[in-house]
Amino acid sequence: MNFSKAICQMRKQTKLTQEQFAELFDVSQQAVQKWESGASVPDVEKIIRIAKYFDISLDSLLMDNDNRVVEEMNQAQILKPQYQNLHDWEFYSANLMTEFQQSIDEGLNIDAYKDIFESVSRLPKGEYKKKLGDVLFEIVISAEQKEGYPYVEPSDLNRIQMLRRGAEAPLPFDASQIRDKIYGAWLGRICGCLLGKSVEGIRTDDIVPFLKDTDNYPLHRYILHSDLAKTDLTKYRFNFVGRTYADDFDEMPPDDDTNYTVLAQEIVKKYGRNFTPYDVSRAWLASQCKDSYCTAERVAFCNFVKGYTPPQSAIYKNPYREWIGAQIRGDYFGYINPGDPKLAAEMAWRDASISHVKNGIYGEMFVAAMLAMAAVTNNPEEIILGGLAEIPHTSRLYEHCMLVVKHYQSGESQKACFEMIHNLYDEYTGHGWCHTISNAMVVVASLLYGEGDYTKSICMAVETGFDTDCNGATVGSVLGMAFGKDSIPSCWTDSIHDTLRTTIFGVGTVRIADRVEQTMKHLLP
């Protein structure tokens with residue numbers, strides 16, 4: 001078989017038109033026609049590019065050997081992954097518009113490439129889309145920040161701490177009350193998570209009508225399986241069937257929001273309080289299967305497998321690098337550092353930096369610091385401001401959370417405050433719904449307007465939409481720490497019977513009381 005026939009066969013076998021083939025190698029369609037007709041041949045550079053693209057050797061391409069070309073072409077096709085079988089979280093090119101929006105948020109100068117991002121994002125999963133996505137990642141990773149971008153948002157700990165405004169010395173805590181507070185934090189987190197878990201992924205145009213139809217508006221109790229019989233489920237876009245409901249269990253079912261709290265405890269138990277980001281990455285690989293991790297965490301997990309280590313594991317092809325995943329992982333570091341928000345935030349950084357950057361990291365530091373503060377004060381405003389003092393005051397997260405605080409201080413209504421959050425972040429897009437900042441704002445507003453009332457606060461966090469189980473869990477954790485175990489009404493705790501199921505290898509189902517005792521062992525002497 002001569003060269004012209006080899007070119008034609010490779011093009012047809014990969015289902016490329018002459019025009020598409022020409023575009024791949026930066027030539028005209030007429031040039032491809034001449035190659036296939038034998039009227040001309042490509043120059044050496046083009047021949048090398050063609051051989052590399054189709055994963056065949058130069059000698060088989062140039063030699064007159066039909067079987068060899070066919071054999072190498074078939075082998076190349078066999079060895080390529082079946083991209084349609086990959087979850088979108090594991091296929092960077094499936095989330096290019098999230099990447100584009102994330103990059104714009106970070107102030108990267110990539111506006112000129114918007115049309116290309118949109119065009120490639122519309123392509124079906126496959127090798128062509130994968131390779132174009134690789135090119136776009138190179139553009140993102142090489143992009144400079146726009147001149148005049150108003151935020152300074154480092155990801156390394158030293159520069160983060162240079163931009164914080166918190167106190168250096170720890171605050172004294174009441175040792176006689178700390179066990180009760182820690183117990184309250186564990187229970188508060190778990191019950192708040194269970195409340196939101198039933199409707200995780202719902203949007204407000206469904207949750208509010210559903211709550212009204214089931215006599216649960218404003219939200220004031222668990223959403224139950226028995227509620228489904230009270231309304232016509234076909235009128236909602238959200239699928240209520242097959243969800244987790246409190247009346248279907250006598251314990252807390254597994255959830256990533258609670259898995260991470262237990263996993264953090266296991267990490268401290270194994271590596272000590274001086275654990276490193278690398279230690280966390282090894283623990284992830286050893287403790288759970290891939291499907292236990294979502295969005296940025298799934299990307300980081302896959303990056304660990306490929307050999308990337310922190311902080312590169314947080315950066316490589318990770319369009320979710322400022323999403324909420326790290327913000328739900330920081331509670332335990334607040335539990336074991338009562339009165340020391342700086343150290344709690346520093347531990348949270350070690351955990352967050354394996355999968356997140358910038359505001360994604362700050363979200364975890366903020367929550368850990370709030371919990372350390374909640375061990376020494378039950379004033380929601382003091383707790384929030386103490387948490388914010390541990391992240392850069394030059395960041396978007398700080399600015400937006402302070403916006404909520406100022407709305408509250410100025411006397412703005414709860415309704416107006418939540419409307420502001422919805423106007424700033426679109427819950428109907430994945431990026432708006434799952435971003436660290438939008439959900440942190442929901443947490444701050446719920447703590448402030450809930451005024452220390454556990455039921456009112458966690459219900460507020462869930463009723464407004466966004467990431468319901470994450471926000472319910474965080475708000476519940478902070479209030480449980482601030483006010484103690486007995487502040488949580490039994491209508492919330494009775495459903496779980498002090499029992500938590502996990503998907504962590506070698507841990508399985510645990511008693512919450514046992515986890516509280518282990519937490520006490522991890523406090524500073």
Side-chain angles (χ1 to χ4, degrees), residues 184-185 188-189 191-196 199 202-205 207-208 211-212 216-223 324 327-328 331 334 363 366-367 369-371 373-374 377-389 397-425 427 432-433 435-484 487-489 491-492:
R189 178 163 189 78
C191 295
C193 178
L194 181 56
L195 173 63
V199 286
I202 201 169
R203 269 52 174 181
T204 47
D205 61 353
I207 190 171
V208 171
L211 294 176
K212 289 180 177 178
N216 195 12
Y217 186 81
L219 184 61
H220 58 276
R221 59 169 173 79
Y222 281 125
I223 298 165
I324 195 177
Q327 189 162 276
I328 69 175
D331 292 53
F366 169 51
V367 169
M370 279 202 297
L371 279 152
M373 287 295 300
T377 177
N378 60 16
N379 182 304
E381 194 169 331
E382 291 179 2
I383 292 169
I384 292 163
L385 293 177
L388 290 174
L397 179 61
Y398 185 94
E399 178 184 83
H400 283 71
C401 287
M402 283 303 299
L403 188 60
V404 175
V405 173
K406 290 173 183 176
H407 265 250
Y408 174 78
Q409 291 174 338
S410 68
E412 290 279 354
S413 68
Q414 169 193 329
K415 179 181 178 182
C417 187
F418 280 103
E419 285 178 350
M420 175 194 67
I421 297 171
H422 279 274
N423 288 334
L424 287 172
Y425 287 90
E427 65 169 317
W433 177 83
H435 200 276
T436 291
I437 300 176
S438 55
N439 288 286
M441 294 176 77
V442 169
V443 168
V444 171
S446 300
L447 289 172
L448 290 173
Y449 287 95
E451 299 175 326
D453 183 293
Y454 180 84
T455 295
K456 183 179 178 182
S457 300
I458 63 168
C459 288
M460 199 179 296
V462 171
E463 187 180 276
T464 195
F466 291 100
D467 204 336
T468 53
D469 62 330
C470 295
N471 296 335
T474 300
V475 170
S477 185
V478 171
L479 290 177
M481 177 68 88
F483 292 96
S487 69
I488 304 173
C491 62
W492 301 108

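To the nearest 0.5 Å, atoms CD1 (Ile421) and CG (Leu403) are separated by 9.0 Å. A distance of 11.5 Å separates CD1 of Ile437 from CZ of Phe366, quoted to the nearest 0.5 Å. From Ile324, atom CD1 reaches atom CD1 of Ile328 across 6.5 Å, with rounding to the nearest 0.5 Å. Note: His220 NE2 to Leu195 CG = 11.5 Å, rounded to the nearest 0.5 Å. With rounding to the nearest 0.5 angstrom, the CG atom of Leu447 is 5.0 Å from the CD1 atom of Ile384. Atom CD of Glu463 is separated from atom OH of Tyr217 by 5.0 Å, given to the nearest 0.5 angstrom.
Contact between Gly452 and Pro380 at its shortest, heavy atoms only, is N-CG, 4.2 Å. Heavy-atom minimum distance, Val404 versus Cys417: CG1-SG, 3.7 Å. Minimum interatomic distance between Thr436 and Gly363 (heavy atoms only, all atoms of both residues): CG2-CA, 3.8 Å. Here the closest heavy-atom approach between residue Thr377 and residue Ile383 is recorded as O-CD1, 3.5 Å. Taking both residues in full, the closest heavy atoms of Val443 and Asn471 are given as CG2-OD1, 3.8 Å, listed atom of the first, atom of the second, then distance. The two residues Val444 and Val405 make their nearest non-hydrogen contact at CG1-CG2, 4.1 Å.
Contacts of His422 classified as ring pair (Phe, Tyr, Trp, His ring centres under 6.0 Å), with partners at least two apart in sequence or in another chain: Phe466. Shown here are the salt bridge (Lys or Arg N to Asp or Glu O under 4.0 Å) partners of Asp467, two or more places apart in sequence or in another chain: there are none. Under the salt bridge (Lys or Arg N to Asp or Glu O under 4.0 Å) criterion, Asp453 pairs with no residue at all, not counting sequence neighbours. Among residues two or more places apart in sequence or in another chain, the salt bridge (Lys or Arg N to Asp or Glu O under 4.0 Å) test is passed with Arg221 by Asp227.
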Throw together a table of side-chain donor-acceptor distances under 3.5 angstrom for residues 474-484, partners on residues two or more places apart or in other chains.
from, atom 1, to, atom 2, distance (Å)
Thr474, OG1, Cys470, O, 3.1
Ser477, OG, Asp331, OD2, 2.6
Ser477, OG, Tyr335, OH, 2.7

Steps toward side chain to side chain contact (heavy atoms under 4.5 Å, CB included) verdict (Met402, Leu385): CA-CA 8 Å; Met402 283 303 299; Leu385 293 177; 3.7 Å; yes
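Checked against the 6.0 Å centroid criterion, the rings of Tyr425 and Trp433 do not qualify as a close aromatic pair.
Side-chain contact between Val442 and Phe418 is present, with at least one heavy-atom pair separated by less than 4.5 Å. Counting only heavy atoms from C-beta outward, the side chains of Cys191 and Ile458 never approach each other to under 4.5 Å.
The backbone N or O of Thr204 sits less than 3.5 Å from a side-chain atom of Glu427, completing a donor-acceptor pair.
The list of side chain to side chain donor-acceptor pair (under 3.5 Å) pairs with a residue in residues 406-420, not counting sequence neighbours, reads Glu381-Gln409.
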